[in-house]
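These values consider heavy atoms only, across backbone and side chains, with no hydrogens, waters or symmetry-generated copies.
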Amino acid sequence: MTPVTSLTASVHQRLADALASALPAADGVDPLLRRSDRADYQANGILALAKKAKANPRELATQVVAQVESGEVIKEIEVSGPGFLNITLTDRAITTNLAERYADAENRLGVPLAAHPGTTVIDYAQPNVAKEMHVGHLRSAVIGDAVVQILEFTGENVVRRHHIGDWGTQFGMLIQYLDEHPHELDHKDAQVSGEEAMSNLDRLYKAARKLFDSDEEFKTRARRRVVDLQAGDPHTLATWQKFVDESKIYFFSVFEKLDMEVRDADIVGESGYNDMLDETCRLLEESGVAVRSEGALCVFFDDVKGPDGNPVPLIVKKSDGGYGYAATDLSAIRDRVFNLKANSLLYVVDARQSLHFKMVFETARRAGWLNDEDVKAFQLAFGTVLGKDGKPFKTREGETIRLVDLLDEAIDRATAVVREKAEKVGLTEEEIVENGRYVGIGAVKYADLSTSAVRDYKFDLDQMVSLNGDTSVYLQYAYARIQSILRKAGEASPAAHPELELAPAERALGLHLDQFGEAVAEVAESYEPHKLAAYLFKLATLLTTFYDQCLVLKADTPAQVENRLFLVDLTARTLHRGMALLGIRTPEKL
């Protein structure tokens with residue numbers, strides 16, 4: 001694939017060259033180019049450069065204009081106000097650039113691969129063994145999957161890691177309870193589904209927890225069982241493995257419903273680092289990074305103090321010899337840096353764990369396992385899913401909502417919306433069911449991804465499946481509408497005609513299409529999928545304006561019909577690719 005230079009980059013380079021000629025002594029000249037309502041682009045950088053050079057900004061702007069190479073790309077450039085530059089491109093340049101993107105045989109729309117890709121390990125979608133997934137697990141899975149897709153599209157080598165909760169005291173409690181109540185997990189139906197099996201496990205967990213909290217003798221037996229588990233007792237390990245295997249079947253069923261690919265090889269839970277824990281503690285203690293305090297192995301920080309003003313340590317090893325979460329997380333860092341050769345470690349984890357990860361990352365830096373030059377670690381912290389009332393999303397009984405229930409309701413609502421339009425677009429029952437799933441799951445994902453990850457957001461299914469506003473359904477409908485036009489085009493085919501003049505709505509749509517690659521690159525750099533969602537929503541709104549102002553199949557000339565079919569087809573391809581990077585399907589009919 002030959003990468004296509006964006007019009008923005010082309011104009012930026014022309015202005016930078018002209019600025020360098022006008023101010024040869026200046027270092028790192030940047031025209032500060034951006035899209036503008038007054039022209040195609042506006043450059044604001046001359047004001048700061050003139051101030052630095054003690055020059056008159058308007059005079060400097062006039063000198064720059066004289067140096068700018070115009071013609072094929074730049075149609076007009078004028079000085080505005082105290083020294084802004086307003087730049088208008090030629091219609092030919094816009095259409096020619098889009099034609100190059102359209103011709104990309106690899107379906108990358110001319111978007112280049114990253115110049116220096118590295119290896120990123122992404123830790124996301126971390127459910128717990130023997131516990132049902134709830135609404136709190138949604139954001140890590142959805143945001144993490146989108147970032148995986150985006151980074152892989154840029155050429156990054158991405159290693160997925162699902163750090164499931166599969167070790168610790170709760171498993172001694174579970175195994176001991178099952179040993180004492182052997183018929184609690186008897187499945188009446190041999191064909192029990194993953195969801196039903198997990199519901200049984202979840203019920204078992206709650207019963208075991210209740211007994212653990214109320215019966216000191218059972219608590220003692222359960223803690224003894226943890227020791228058996230850590231020592232590798234065959235019976236205890238076999239029961240633990242049964243819990244893990246049944247839980248994985250359930251996890252896969254939920255992720256499949258979420259239209260996400262989760263591979264067994266990518267699931268490396270807490271237990272996967274057991275063999276490293278002792279060495280991790282030894283390395284930290286020998287290097288002086290961790291010290292003994294009241295029998296526990298701790299790392300202290302000057303800026304982390306409790307309400308009483310005393311330092312709050314990161315406990316790596318407890319005074320009773322047990323390992324804390326920190327030991328596992330630090331061992332995982334060692335594995336990801338030294339075995340997987342990662343350049344970047346990305347953790348898609350609830351914002352409420354920010355202090356823990358701040359301390360873990362700082363500990364790893366002190367130990368020399370992380371440094372901000374060669375290996376960086378970043379927590380992509382996310383906020384809470386709220387109900388319509390603005391409070392944490394709960395059932396009426398105050399319990400956390402099961403994720404499968406929430407997804408099923410979204411699919412049901414979306415299927416009803418699709419069914420209303422089915423006869424008009426000629427959908428079969430099979431297509432109604434399939435599209436209902438794509439629209440429902442897409443609505444849930446987009447509501448999450450169109451909000452900055454650090455913010456809380458309200459879960460409102462009525463709004464999510466609306467055809468109006470900033471929703472995935474609006475974007476999916478825009479894509480399906482284009483497919484309908486292409487089906488009705490008859491013998492007319494999409495074809496670029498650079499010789500044609502473009503209407504204002506065509507220009508606006510074309511210039512936004514040109515910015516797709518830059519939008520993806522920015523999102524990949526900042527780990528902010530909501531910016532890609534914003535780009536796609538604006539693309540769909542520009543398409544709506546184009547429909548309102550420009551006839552497609554009834555345009556004035558055959559050449560204009562072909563050119564407008566080309567424009568909408570490229571828009572459809574961009575919507576399809578962009579939505580796929582967010583993990584959302586685009587049905588052909590809707």
Side-chain angles (χ1 to χ4, degrees), residues 120 122-126 133 135-154 158 160 254-255 257-262 346-351 378-386 393 403 406-407 410-411 413-414 437-461 463-479 516 519-541 574-587:
T120 297
I122 301 187
D123 190 325
Y124 69 108
Q126 311 103 343
M133 292 176 69
V135 66
H137 290 110
L138 179 65
R139 301 205 74 184
S140 177
V142 170
I143 296 168
D145 185 58
V147 174
V148 166
Q149 304 303 326
I150 291 162
L151 289 182
E152 287 184 339
F153 183 67
T154 67
V158 177
R160 311 172 193 203
V254 177
F255 290 129
K257 188 167 286 189
L258 263 173
D259 202 14
M260 278 175 50
E261 180 192 35
V262 172
L346 180 60
Y347 293 77
V348 188
V349 181
D350 192 316
F378 180 78
Q379 182 196 358
L380 204 175
F382 55 82
T384 305
V385 182
L386 306 175
F393 208 8
L403 184 53
L406 186 135
L407 298 178
I411 292 170
R413 293 276 193 98
R437 178 173 172 245
Y438 292 159
V439 171
I441 296 302
V444 171
K445 288 184 176 182
Y446 188 84
D448 191 319
L449 296 170
S450 58
T451 303
S452 173
V454 295
R455 292 178 55 194
D456 299 341
Y457 79 96
K458 292 182 181 179
F459 196 94
D460 184 346
L461 272 177
Q463 175 58 32
M464 288 179 186
V465 298
S466 171
L467 287 168
N468 302 311
D470 189 3
T471 66
S472 68
V473 192
Y474 178 69
L475 302 183
Q476 289 168 322
Y477 181 69
Y479 175 83
F516 178 63
V520 171
E522 182 184 357
V523 170
E525 180 70 24
S526 64
Y527 309 133
E528 294 179 303
H530 73 276
K531 292 184 176 179
L532 178 56
Y535 169 88
L536 295 171
F537 176 63
K538 184 173 182 182
L539 180 62
T541 57
T574 306
L575 282 170
H576 177 76
R577 170 58 73 184
M579 293 286 270
L581 293 179
L582 296 179
I584 300 172
R585 305 264 187 166
T586 42

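Here the options are Leu346, Leu380, Val348, Val349, the test is side chain to side chain contact (heavy atoms under 4.5 Å, CB included), and the partner is Tyr124; only Val348 passes.
Considering every non-hydrogen atom in both Val444 and Met464, the closest pair reads CA-SD, 4.2 Å. Heavy atoms only, all atoms of each residue included: Leu581 and Gln149 are closest at O-CB, 3.4 Å. When all heavy atoms of Leu138 and Phe459 are compared, the closest pair comes out as CD2-CE1, 4.4 Å. Taking both residues in full, the closest heavy atoms of Gly578 and Leu536 are given as C-CD1, 3.5 Å, listed atom of the first, atom of the second, then distance. The nearest pair of heavy atoms linking Leu151 to Tyr527 is CD1-CE2, 4.2 Å. The shortest non-hydrogen separation linking Ala351 to Gln379 is CA-NE2, 4.2 Å.
Atom OH of residue Tyr446 and atom CG of residue Leu475 lie 4.5 Å apart, to the nearest 0.5 angstrom. Annotation: the span from Leu582 atom CG to His530 atom NE2 amounts to 12.0 Å, rounded to 0.5 Å. Within the model, atoms CD of Gln126 and OH of Tyr347 stand 10.0 Å from one another, a figure rounded to the nearest 0.5 Å. Here the CD atom belonging to Glu525 is positioned 13.0 Å from the CD1 atom belonging to Ile150, to the nearest 0.5 angstrom. If you take CG on Leu461 and CD1 on Ile411, they are separated by 11.0 Å, rounding to the nearest 0.5 Å. Atom CG of Asp470 is separated from atom NZ of Lys538 by 13.0 Å, given to the nearest 0.5 angstrom.
Counting only distance, with no hydrogens or angles, the side chain of Thr471 and the backbone of Tyr474 share a donor-acceptor pair below 3.5 Å. The backbone N or O of Ala447 lies less than 3.5 Å from a partner atom in the side chain of Thr451, making a donor-acceptor pair. With hydrogens and angles ignored, the 3.5 Å screen pairs no side-chain donor or acceptor of Ser450 with any backbone N or O of Ala533.
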Set out, in order, the CA-CA distance, both residues' side-chain angles and the distance that settles side chain to side chain contact (heavy atoms under 4.5 Å, CB included) for Met579 and Lys445, then state yes or no. CA-CA 10 Å; Met579 293 286 270; Lys445 288 184 176 182; over 6 Å; no
Please step through side chain to side chain contact (heavy atoms under 4.5 Å, CB included) for the pair Asp456 and Val385, ending with a clear verdict. CA-CA 6 Å; Asp456 299 341; Val385 182; over 6 Å; no
Stepwise side chain to side chain contact (heavy atoms under 4.5 Å, CB included) check, Thr574 with Tyr479: CA-CA 9 Å; Thr574 306; Tyr479 175 83; over 6 Å; no
Is there a side chain to side chain contact (heavy atoms under 4.5 Å, CB included) between Asp350 and Phe382? Walk through the geometry before answering. CA-CA 5 Å; Asp350 192 316; Phe382 55 82; 4.0 Å; yes
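A heavy-atom distance below 4.5 Å is not found between the side chains of Leu575 and Phe516. Side-chain contact between Tyr535 and Val523: absent, with no pair of heavy atoms (C-beta onward) separated by less than 4.5 Å. Gln476 is listed as a side-chain neighbour of Ile584, based on a closest heavy-atom distance under 4.5 Å.
Summarising the local packing, NE2 of His576 is surrounded by 12 or fewer heavy atoms from other residues, nucleotides or ligands at distances under 6.0 Å.
Taking a cutoff of 4.0 Å between a charged side-chain nitrogen and a carboxylate oxygen, Glu152 and Arg160 qualify as a salt bridge.
By the side chain to side chain contact (heavy atoms under 4.5 Å, CB included) test, Arg585 is found to be paired with Asp259, Tyr438, residues two or more places apart in sequence or in another chain being considered.
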